[in-house]
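Worksheet for the structure shown next.
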Amino acid sequence: MDGKVIVVTSGKGGVGKTTVTASIGAALAIQGKRVAVVDMDIGLRNLDVVMGLENRIVFNVVDVVQKKCKLKQAAIKDRKIDNLFLIPASQSDDKSIIKPENMVWLCNKLRREYDFALLDCPAGIEQGFKNAIEAADEALVVCTPEVSSVRDADRVIGLLYAHSITPKLIVNRIVPKLVEKGDMLSHVDVVDVLSIDLVGLVEMDDAVVVSSNTGNPIVQQKDSKAGKAFNRIAMRLDGHPDLPVEDPMAHDSFWKKIGKKLGRKKQE
Amino acid sequence: MTIPQPPVKLKGVGDSLWITMDASLPAETLKQELCKPFERLRHLAVNARVVLDPGESQADDALIEDLRAFLQQRFQVGRVSGPPKARITPAADGQKAAETGNNAQNAWLHHSDDTLVIAGRVRSGQKVEARKHLVILGDLNPGAEAIAGGDIIILGSLLGTAAAGQPANENAIVLGLDLRPTQIQIAGYVAAGASSSSGKKPEFASLKDNQIVMADYLKDNIFKRLAWPEIR
């Protein structure tokens, strides 16, 4: 059976597309799927750094498209996870070097080789974005609870629908404390404006910064909230679409809530 | 006392010359009568569009054809067309209109205009334009634009930019069930959406003393005061 090509996009930069791609890719691979993560951010690659594979790059996606090498030669196996492969972007080329018709060919190849191919889309809605969504089967839209991010995500959702792709939403970097105080949009507001299917809510987690600097996947850290959230998103994508989305706002236990009502300070 | 109607009248309508004539007169008389105004307007007649309107008298196609050939040959006018097809108007609905007087009960039976009704969510970067009124069954997201010659009515949340009454209809309103706009424009006036309201109740924006003001639609409905329903 053919695999699925999923594009991870957001419109706005810096919302965590690359982290989401790497983490969900790792989680799916740990669940036993053959996964390729493809960096489509040609000219500004960084998925390789986040995964800690920057020193192993020989060929890249542009070489594959230009048939200078085979897909398998460009795919770099992860250091720790067996079924996870990275296809890096070229750092020296321009986004226009790949044409949409090249992407159709590349995605067909990816579908044959892997169960899942995650495309890390560049920020913006220009050529790089158009290339990345050209032949994708599904799309994950990453959005942070900020007004600017929501607006850009909304634009991207419109463009994805225009391309006959039904996107799913990941709300990233939620800070429950700020939401509680009313200083941050709640995921309910975000979903209200964007009105697409929600596949995951990811809490702000300092461990993500550490893991992307060291190249260790966050999903392997058992006590990380973000890691758990990514694992659950991966399960939802892989045959468990009905797994309920955990609400980071509901983390407080019953007794803590009672304590708060009685005016006791939260023990951290 | 009745003033005798001249057999041929000429006036400029839009980009054409509109000729109202009494088609019961013989063709030769009409031609003579047509010469009078056209001789004076010879310089304007060249290549002009001409509409021949027999008014309430009946004109057959042969007469129109005859006059067309005459005008084109003698004055080098451009296109000559016959009388426009009669439009059904509420007034032409004769008896009914007379019976009901000014009561607008039937006024919209024959009414049609360029109102645009759409369903769905207008997303950031998308733009909806209507020649007259615009009705959206859904939301207008931040970053989206709605532009209308008349009113804008959003049966949902209005979070984007709404420009009503473009370019110069100062009576236009913007109505939303949840009005939290980025910006509202009515005719040439602009207001940034620094609204005090929290939304979630039907509100409308209208122009008052050269300023755009927002009000609770259910409490301050300006249309409640109208004597009878009218077409907007």
Side-chain angles (χ1 to χ4, degrees), chain A residues 9-13 15 121-130 132-133 139-171 179 181-198, chain B residues 116-130 134-148 152-163 174-185 190-203 205 214:
Chain A
T9 181
S10 70
K12 189 175 177 297
V15 296
C121 179
I125 51 170
E126 293 83 24
Q127 187 68 46
F129 168 80
K130 284 177 190 156
I133 68 164
L140 293 176
V141 174
V142 184
C143 174
T144 58
E146 291 161 54
V147 179
S148 51
S149 170
V150 172
R151 179 173 297 191
D152 290 3
D154 195 28
R155 176 94 173 102
V156 160
I157 290 166
L159 294 171
L160 286 167
Y161 272 127
H163 206 81
S164 311
I165 300 174
T166 306
K168 290 176 181 162
L169 180 68
I170 294 174
V171 184
V179 178
K181 278 198 278 179
D183 292 338
M184 186 181 248
L185 288 174
S186 86
H187 68 266
V188 181
D189 299 333
V190 176
V191 174
D192 203 35
V193 169
L194 300 179
S195 66
I196 55 172
D197 281 350
L198 182 71
Chain B
L116 176 67
V117 183
I118 58 167
R121 181 177 287 271
V122 186
R123 294 184 181 276
S124 173
Q126 295 173 342
K127 191 172 170 183
V128 186
E129 281 175 276
L134 173 62
V135 179
I136 300 179
L137 307 168
D139 293 353
L140 189 75
N141 273 6
E145 280 178 85
I147 300 164
I152 295 178
I153 295 165
I154 314 269
L155 300 173
S157 298
L158 199 173
L159 308 175
T161 301
V174 177
L175 169 68
L177 297 186
D178 172 19
L179 195 65
R180 288 176 287 156
T182 311
Q183 190 191 81
I184 284 189
Q185 296 178 23
V190 183
S195 78
S196 52
S197 76
S198 55
K200 298 287 176 202
K201 61 180 176 191
E203 287 182 297
M214 273 166 68

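Residue numbers start from 1 in every chain, and the chains themselves are labelled A, B, ... in the order their sequence lines are given, proteins ahead of strands.
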Below 3.5 angstrom, are there any donor-acceptor pairs between chain B and chain A, and if so, which atoms and how far apart?
{"from": "B:Arg121", "atom 1": "NE", "to": "A:Ser195", "atom 2": "OG", "distance (Å)": "2.6"}
{"from": "B:Arg121", "atom 1": "NH1", "to": "A:Asp192", "atom 2": "O", "distance (Å)": "3.4"}
{"from": "B:Arg121", "atom 1": "NH1", "to": "A:Val193", "atom 2": "O", "distance (Å)": "2.5"}
{"from": "B:Arg121", "atom 1": "NH2", "to": "A:Asp192", "atom 2": "O", "distance (Å)": "3.1"}
{"from": "B:Arg121", "atom 1": "NH2", "to": "A:Ser195", "atom 2": "OG", "distance (Å)": "3.4"}
{"from": "B:Arg123", "atom 1": "NH1", "to": "A:Asp154", "atom 2": "OD1", "distance (Å)": "2.8"}
{"from": "B:Arg123", "atom 1": "NH1", "to": "A:Leu194", "atom 2": "O", "distance (Å)": "2.9"}
{"from": "B:Arg123", "atom 1": "NH2", "to": "A:Leu194", "atom 2": "O", "distance (Å)": "2.9"}
{"from": "B:Ser124", "atom 1": "N", "to": "A:Asp154", "atom 2": "OD2", "distance (Å)": "2.7"}
{"from": "B:Ser124", "atom 1": "OG", "to": "A:Arg151", "atom 2": "O", "distance (Å)": "3.4"}
{"from": "B:Asn141", "atom 1": "ND2", "to": "A:Asp154", "atom 2": "OD1", "distance (Å)": "3.0"}
{"from": "B:Asn141", "atom 1": "ND2", "to": "A:Asp154", "atom 2": "OD2", "distance (Å)": "2.8"}
{"from": "B:Asn141", "atom 1": "ND2", "to": "A:Val193", "atom 2": "O", "distance (Å)": "3.0"}

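- Partners of A:Ala139 by side-chain contact (heavy atoms from CB on, under 4.5 Å), not counting sequence neighbours, listed by chain and number: A:Val7, A:Leu160, A:Ile165, A:Pro167.
- When all heavy atoms of B:Gly138 and B:Ile154 are compared, the closest pair comes out as O-CG2, 3.4 Å.
- A pairwise comparison of heavy atoms in B:Ala146 and B:Leu134 identifies CB-CD2, 3.7 Å as the closest pair.
- Nearest heavy-atom pair, A:Val193 versus B:Leu159, reported as atom, atom and distance to 0.1 Å: CG2-CD1, 4.0 Å.
- A pairwise comparison of heavy atoms in A:Pro122 and A:Phe129 identifies CG-N, 4.0 Å as the closest pair.
- Using a 4.5 Å cut-off on side-chain heavy atoms (C-beta onward), A:Cys143 and A:Val190 make contact.
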